[in-house]
Each structure stands twice: as C-alpha cells, then as structure tokens.
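Keep in mind that the numbers below use all heavy atoms, side chains included, and drop hydrogens, waters and symmetry copies. Note on naming: letters A, B, ... go to the chains in the order of the sequence lines (proteins, then strands), and numbering restarts at 1 for each one.
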Amino acid sequence: MPRSIRDSGSSAPAGRVFAAHRRARLAKGGLVAIGLVVFGSGIAATRATVAGHSRRALRPLTPPALFVRIVRQDALRAGVIMPTQAPPSASTAQS
Amino acid sequence: MSSRFSAMGCEVCLEGASAAVFEAVRDLFARRDRMFSRFHRDSELCRVNRSAGRPTPVSREFAATVRVALRVAGATDGLVVPTLGEALEAAGYDRDFGDLGGDRGPVRAVEPPPSWRAIRLHGRVLRLPEGCQLDLNGVVKAMTVDAAVVMLDGPGWVSAGGDLATRGGIDLDLPGGGAVHLATGGIATSGQTARRWRRGGGWQHHLIDPATARPARSRWELVTAVGVTCVDADAAAKAAFLADGVGPGWLDRQGIPGRFVSLSGAVEQNRSWQAQMGSAAACT
C-alpha cells in the first residue's frame, strides 16, 4: 500500500517536495511572463501594421524635394532683360 | 503709335495694335473686369464668394484663372494667395479704386484668411472653404495682359498698371528711375505707394500679408521683377515685396531678376538682375 508523502516522516522526501514546489512556482511565473510578452508583442504588431489601428501621427504623402524644386522653378520662370539699346519709348507704372 | 483706354481700375496701353485688335483687347479687358470684379454683385466672382463652403459650378475661364492663382500661391510659398478678398475689404478697399475717396473710418479687424490649400477645384466645380472670399484681381490683370499681347499682329507691347508684356522687345523706363530693355516676356512692378488709400488715420495699400490679413509692412517702396509671362513677373514682384528683407535672395533662388527700391529711395538689384544686365553688356 503506498504511503502518502506527508506520512513519510523523513527529511529527504520533504526536501524533494519543497524543490518541486519551487520548480512549479518558477514554471508558472515563466509561463505568465511569456504570455505577457506574446500578448504585448501581438498588440504592438497589430497597432503598427493593421490599417486603422495606428496611433502614430499621420504623415501626408510628400513628393521628393527635387521634384518640388523643379516644379517650383517651372512655376515662376524668368524673362530676359539687358541694357537699353535706345532711348526708352515707354515706361511702366507700379500696381 | 500707342493707344490707351481704362479698365480694371488702371490705364491700359497698347503699342502695335491695329484698330480691330485694339477693340478686341478692350472687349477682353471689359469682359474679364465684369467677371472678376469684387464690386459688382452680379459678377461671377461675387457669386462664387457668396457660395463659399459648398461646391459651385464655374465657367471655364473662371476655373482656369483659379488654377493659375493656386499655381502662383504654391510657387510663392503661400505669399501671393487668392484668399484675401475679406482682408482687402476690411482695409477699406471695398469699391472701385477711383471711388475710394478720403478716410472713411477705422480699419476693420479680420482673422487671417483660410488656407489657400483648402480651396478645391475639380474640373469646373469649385469649393471655397467657409469664410473664404476670393480676390483674383492681380492674377486676372496679368493674365489679361499676357492674352492681349498674343493678340497683337506683330511686334508691340501691352501694359496695364504695373504689368507689361512685349513681343519683339522694348526699351522702357522703370518706376523709381533707371531703364531696361525687356527682350521677351513680362515685367511687373508692385509697390505700396501707387494703389493706396487712407483709412483709420493712416495709409493702407493693396499688398496684403496673408499671415496678418493687414497691408504688409515692407522695407521696399516697390519691387520690379521680370518673368517669362506677366503672370510670373507679377507673382514674383508681389512675393519679393512681401518677403521683405529676404526678397532679393528669394528671387535669386528662383533665378528671377529683381530690382528693389527701398522706402529711402535706395536702389538694389539682385544677383540675377545684375547677371543678366552684365552678361548682355559683355556680349555687345
């Protein structure tokens, strides 16, 4: 007939029980920590990648700076002037 | 032989126009004046301004003008914008320039206008943001000068106020002294001493700073700029005036010649102006 551990009365089985309890506590702690890490990573990955879940400030799509510069140069283009070649025949006002 | 008439609150001069072209140009100015006037309640501009906040169908010509005005706003980093109708009225420019008369009380305070970027134009459907009142006068005048010079039969020029465009080149005197040969394109001068009026005990002028919605404070009395078209020249001159001390450098970055006359009368030419005048002199 098997004896219960509590009935054993010897110190060696009590030490094994204590060690087993300690391993169990460590295992539970480890499992909880892993669970938290997995859960946190999942939330972060979801917020970063799933449309509509981003908490970062939205950034408008911007064209490359070179493109903007070229368009701007094209928008205002310089005329051509040179020193007068004859007495001026007209004058400009200001507006 | 030059011919002239009055339109858009200024004198329009033509050189090299036949009688038929003169009539056509006068009709063009008159039609655009009616369409874009802030002072005629039945103008298309007033109709559009009354419908701010909701989509409004506009004519093809109106849409094209708004498109140019938005291009100018972008090219000038938001210095020359079409959203200053309310600010101009608040400063006292609420009727034809010739009818402004003497001081008619204090300047009305207004908030800075909505951003020009909030204007939506899809084809011929325009939507202004709430509270936005367009003023397209500057762009319209320059565009009309550009259109008129194309109508000339041969070499000649067209000027309206401070805007001038040429075909075939012209030697001309500049405001504030000096002279230049404009080989091609347009030249425009904007300043604070010609189109001004008294209000609230002080002088007001039509060059509004979009950041404050008030007539701009600038160290320049007037700025002259040269563009491939009159629209480009006018936009560049206004932007350089509004940019104040950095105006010459700003024009240089665009490669546009600019001539600045300060309030004390001192004349400053930016590097692009000096380069063009210098290189041309070196070639002759």
With no hydrogens and no angle check, is any side-chain donor or acceptor of B:Arg195 less than 3.5 Å from a backbone partner on B:Gly9?
yes
Heaviest contributor of heavy-atom pairs below 4.5 Å to chain A, chosen from B:Ala194, B:Ala237, B:Ala235, is B:Ala194
Counting heavy-atom pairs under 4.5 Å to chain A, which of B:Val72, B:Thr193, B:Leu164 comes out on top?
B:Thr193
Which region of B:Thr184, side chain (C-beta onward) or backbone (N, CA, C, O), has a non-hydrogen atom less than 4.5 Å from a non-hydrogen atom of chain A, or is it both or neither?
both
Which bit of B:Ala179 is near chain A, if near means a heavy-atom gap under 4.5 Å: side chain, backbone, both or neither?
both
Quick one: which of A:Ala86, A:Ser89, A:Ser95 has the most heavy-atom pairs under 4.5 Å with chain B, could you say?
A:Ser95
Between B:Glu11 and chain A, with a heavy-atom cut-off of 4.5 Å, which part of the residue counts as in contact: side chain, backbone, both or neither?
neither
Taking the ring of B:Phe39 and the ring of B:Tyr93, is the distance between their centroids below 6.0 Å?
yes
Residues, nucleotides or ligands: over 12 heavy atoms within 6.0 Å of B:Arg167 CZ
yes
Heavy-atom proximity to chain A below 4.5 Å, by part of B:Leu251
neither
Does the B:Gln274 side chain pair with the main chain of B:Gln269, one donor and one acceptor, at a distance under 3.5 Å?
yes
Answer yes if the side chains of B:Glu268 and B:Ser262 hold a donor-acceptor pair under 3.5 Å, and no otherwise.
no
Look at B:Gly227, B:Gly185, B:Gly186 and state which one has the largest set of heavy-atom pairs under 4.5 Å with chain A.
B:Gly227
The salt bridge (Lys or Arg N to Asp or Glu O under 4.0 Å) partner of B:Lys141 among B:Asp163, B:Asp33, B:Asp234, B:Asp135 is B:Asp163
Whatever's closer than 4.5 Å to a heavy atom in chain A on B:His206 counts as side chain
Are the side chain of B:Ser218 and the backbone of B:Phe241 linked by a donor-acceptor contact shorter than 3.5 Å?
yes
